[in-house]
Protein chains: 2
Amino acid sequence: MSMDDVFRALADPTRRQLLDKLHAKNGQTLNALCAEMDMTRQAVTKHLAILEEANLVTTLRKGREKQHYLNPVPINEIAERWIGKFERHRLDALSDLKKRLERED
Amino acid sequence: MSMDDVFRALADPTRRQLLDKLHAKNGQTLNALCAEMDMTRQAVTKHLAILEEANLVTTLRKGREKQHYLNPVPINEIAERWIGKFERHRLDALSDLKKRLERED
DNA sequence: TTAATATGCAACCATTTGGTTGCATGTCAA
DNA sequence: TTGACATGCAACCAAATGGTTGCATATTAA
């Protein structure tokens with residue numbers, strides 16, 4: 001569960017897609033997460049194991065099912081590494097502006 | 001310069017080390033960045049190319065030298081993807097507390 | 001002009017990665 | 001109890017990754 005694992009876990013688009021799925025609906029089971037994924041269940045299992053190793057996903061066994069939960073803490077720590085607090089507020093303001101402008105199209 | 005490139009770039013510890021070096025002192029040249037790196041200059045060049053591709057580093061040619069600058073914008077966008085604004089403030093507060101406690105040791 | 005310095009390009013190689021298939025185990029429900 | 005369902009484990013493979021060496025190019029300074 002080192003920071004190194006977090007970065008490695010986030011490097012793969014499939015794993016980020018899994019995090020997005022959990023962000024949309026937390027506590028999903030393996031089979032649920034496999035839905036609409038263009039690969040085998042075993043491949044998804046491997047990805048989830050890497051996410052769990054990185055502490056980005058927590059699991060809870062419920063009978064024969066396994067629920068998966070997103071843990072946002074490590075992601076926040078990434079931002080803190082290279083962005084000072086005030087600089088971040090500035091960047092957030094910029095980002096907000098950009099989004100507002102995009103909505104006007 | 002897609003988000004995919006950003007995550008891939010951050011996945012390698014050597015590249016994160018290069019970002020740390022630039023965070024400590026911006027505008028360093030290739031040779032300067034190679035100092036104390038346990039690999040050949042060519043390897044470092046490749047890493048910097050990947051960081052540049054991801055728009056995490058911007059370069060400026062000065063004669064025969066090439067200066068490298070850190071760009072924090074893409075990193076901020078990572079945090080925004082999975083952390084809501086208010087949740088982030090909560091996480092920041094937690095992180096601050098943790099740091100304060102660590103200082104007391 | 002010429003030698004030293006700073007960077008660029010390309011071929012090559014070992015290891016890691018992301019995926020597969022095949023089979024095993026554990027749990028629920030009829 | 002037995003079949004269906006949810007997940008786990010392991011061997012295998014192609015492609016990507018991170019590193020090397022060797023040589024080329026461009027700029028500065030003596």
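Naming: A, B, ... by sequence-line order, numbering from 1 per chain.
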**Same apolar cluster (I L V M F W Y, side chains within < 4.5 Å links), A:M3/A:I50** = no
**Asked** Between B:Q42 and B:H47, who's closer to the 5' end of DNA chain D by nearest nucleotide?
**Response** B:H47
**Prompt:** Just checking, any donor-acceptor pair under 3.5 angstrom between side chains of A:T59 and A:E52?
**Reply:** yes
**Request:** Side chain of A:R8 only, please: which of C:dT17, D:dC23, D:dG8 is the nearest?
**Result:** C:dT17
**Fill in**
To the nearest angstrom, the CG-C1' distance between B:L48 and C:dT7 comes to 11 Å
**Complete:** From the candidates C:dC28, D:dG8, C:dA6, the one with an atom nearest any side-chain atom of B:R64 is C:dA6
**Prompt:** Within the distance-only criterion (no hydrogens, no angle test), does the side chain of B:Q28 pair as donor or acceptor with the backbone N or O of B:K21 below 3.5 angstrom?
**Reply:** yes
**Asked** Closest to the B:I50 side chain: D:dG18, C:dA6, D:dG8?
**Response** D:dG18
**Message:** Does a side-chain N or O of B:T14 approach OP1 or OP2 of D:dG19 to a distance below 4.0 Å, or not?
**Reply:** yes
**Request:** Could you tell me whether A:D12 and B:R8 make a salt bridge, using a distance below 4.0 angstrom between a side-chain N and a carboxylate O?
**Result:** no
**Prompt:** Between the side-chain atoms of A:R41 and the base atoms of D:dG8, is any donor-acceptor pair under 3.5 Å?
**Reply:** yes
**Request:** Using only side-chain N and O atoms of B:N31, determine if any of them is under 4.0 Å from OP1 or OP2 of C:dT5.
**Result:** no
**Request:** Find which nucleotide of DNA chain C each of A:V44 and B:Q67 is nearest to by heavy atoms, and output the residue with the more 5' nucleotide.
**Result:** B:Q67
**Prompt:** Once you round it to whole Å, what is the distance between P of D:dT27 and CG of B:L30?
**Reply:** 16 Å
**Spacing between B:D4 atom CG and D:dT17 atom P, to the nearest angstrom** = 10 Å
**Candidate nucleotides C:dG19, D:dG19, D:dA6, ranked by approach to the side chain of A:E65 - the nearest** = D:dA6
**Message:** D:dG8, OP1 or OP2 - any side-chain N/O from A:R61 closer than 4.0 Å?
**Reply:** yes
**Prompt:** To the nearest angstrom, how far is B:D12 atom CG from D:dG18 atom C1'?
**Reply:** 7 Å
**Message:** Distance check needed: D:dT20 C1' versus B:M37 CE, whole Å only.
**Reply:** 16 Å
**Asked** Does A:T45 place a side-chain N or O at less than 4.0 Å from the phosphate oxygens OP1/OP2 of D:dT7?
**Response** no
**Prompt:** Can you check whether B:T40 has a side-chain N or O nearer than 4.0 Å to OP1 or OP2 of D:dG19?
**Reply:** no
**Request:** Let me know the distance between NZ of A:K62 and C1' of D:dC5, rounded to the nearest Å.
**Result:** 19 Å
**Asked** Given atom NE2 of B:H68 and atom P of C:dA6, what is their separation to the nearest angstrom?
**Response** 14 Å
**Message:** What is the distance, to the nearest angstrom, from the CZ atom on A:F7 to the C1' atom on C:dT17?
**Reply:** 19 Å
**Item:** Short side-chain N/O contact to C:dG8 OP1/OP2 from B:K46, under 4.0 Å
**Value:** no
**Request:** Give, for atom CG of A:L33 and atom NZ of A:K66, the distance between the pair rounded to the nearest 0.5 Å.
**Result:** 11.0 Å
**same_hphob_cluster(B:M39, B:L19) at 4.5 Å side-chain heavy-atom cutoff** = yes
